[in-house]
Amino acid sequence: MASLELLGFGSTGWGALLIAAALMTLAVTATALAIGAVLGAIVAAAKLSGNLVLVTLGNVYTTVFRGVPELLIIYLIYFGGSSAVTSLGQAMGYEGFLGLPSFVAGALAVGIISGAYQAEVFRGSFLAISKGELEAASAIGMHRSMRLRRIIMPQVFRLAIPGLGNVWQLSLKDSALISVTGLAELMRTSQVAAGSTRQYFLFFIAGGCLYLFLTSLSDRIFNGAERRANRSMPASAMGQA
């Protein structure tokens, strides 16, 4: 009973803190996914451009950030970014150390990692589009921007949803690594609660259950988005896909 009281919403407030930490985890992951979507789209376009320099740069990006351990990237962004901000501040006349905010560093690091995976998801989705549709659009005089807006982007998004769901789940779990920066996300809060109360099993299990809840909820949302996107596509496009 004492353990359950520690986890509740009474005077200790650990239950409320864990829920707040779960919301922080969602915020970091959503921000990281948005950053990764922008980077991934740019890198995917570079790899599909046919330009040797752009293709090489895109390949380097995806190879490095999918091959280097996530924790190392977080350390590089957090400590390297703090050093850069400090140097910039000193050049402007400020004294002392200027640290990069933990949320910004964590979201940026996970976003960069996410972008490497999203680039491959977007590239694969583009290659899965029926070439006949693009040729037909060109034949009727549809200009490039209209093809992008009315044919390419809707189908890339529809085909990318399952892959983006996997990237979201990976980013959600990678957000636990941001605890090394001191951000009060779910993993960090579980560690603090466990260390403060000596109830290690209770709070780590509670944190794990919250992660499972978030991933299960995410699965339902992405599955629903995939069904809705498939229903909105014409039957001919579904057959070609």
Side-chain angles (χ1 to χ4, degrees), residues 26-67 70 73 107-175 214-215 217-241:
L26 283 176
V28 171
T29 307
T31 305
L33 195 74
I35 294 171
V38 175
L39 293 174
I42 293 172
V43 173
K47 296 183 73 168
L48 292 166
S49 67
N51 182 287
L52 180 60
V53 175
L54 294 178
V55 171
T56 301
L57 290 174
N59 286 332
V60 168
Y61 176 87
T62 54
T63 299
V64 169
F65 289 106
R66 287 190 301 165
E70 289 88 347
I73 295 172
L108 183 59
V110 177
I112 290 173
I113 298 166
S114 168
Y117 290 95
Q118 290 192 62
E120 293 303 311
V121 171
F122 292 141
R123 186 179 68 88
S125 299
F126 176 81
L127 294 176
I129 298 175
S130 171
K131 297 299 183 291
E133 286 188 68
L134 300 178
E135 292 171 357
S138 299
I140 63 174
M142 189 178 291
H143 54 77
R144 187 173 182 177
S145 62
M146 184 174 291
R147 290 201 306 271
L148 180 67
R149 187 176 69 254
R150 301 188 63 177
I151 296 177
I152 296 175
M153 289 184 65
Q155 294 210 52
V156 165
F157 176 74
R158 177 179 66 86
L159 295 168
I161 289 176
L164 291 178
N166 289 332
V167 174
W168 166 269
Q169 302 285 35
L170 288 172
S171 298
L172 192 62
K173 291 187 293 183
D174 283 346
S175 68
L214 294 178
T215 54
L217 180 62
S218 301
D219 269 338
R220 293 179 63 87
I221 292 173
F222 276 96
N223 289 339
E226 184 179 1
R227 289 194 298 270
R228 183 172 180 177
N230 286 335
R231 284 201 302 268
S232 68
M233 294 299 296
S236 58
M238 290 287 293
Q240 289 170 347

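In this text, all values refer to a predicted model and were calculated from it rather than measured experimentally.
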Residues Arg158 and Ala229: closest non-hydrogen pair is CD-O, 3.7 Å
The reported gap from CE in Met153 to CZ in Phe126 (rounded to nearest 0.5 angstrom) is 12.5 Å
When you compare the side chain of Phe122 with that of Leu164, does any pair of heavy atoms fall below 4.5 Å? yes
Next on the checklist: For a side-chain contact (heavy atoms from CB on, under 4.5 Å) check, start with the C-alpha distance between Gln118 and Val43, then their side-chain angles and the critical distance, and finish with the verdict.
Outcome noted: CA-CA 9 Å; Gln118 290 192 62; Val43 173; over 6 Å; no
Partner of Leu172 under side-chain contact (heavy atoms from CB on, under 4.5 Å), picked from Leu33, Val167, Thr215, Val28, is Thr215
* Is there a donor-acceptor pair under 3.5 Å between the side chain of Arg228 and the backbone N or O of Gly224? -> no
d(Trp168 CH2, Leu26 CG) to nearest 0.5 Å is 5.5 Å
d(Ser171 OG, Ile113 CD1) to nearest 0.5 Å is 8.0 Å
Here the gap from Leu159 atom CG to Ile129 atom CD1, rounded to the nearest 0.5 Å, amounts to 6.5 Å
* So, Glu70 side chain and Val110 main chain: donor-acceptor pair closer than 3.5 Å or not? -> no
One should read off an interatomic distance between Leu57 CG and Asn51 CG, to the nearest 0.5 angstrom, of 9.0 Å
Rounded to the nearest 0.5 Å, the NZ atom of Lys47 sits from the OG1 atom of Thr56 at a distance of 10.5 Å
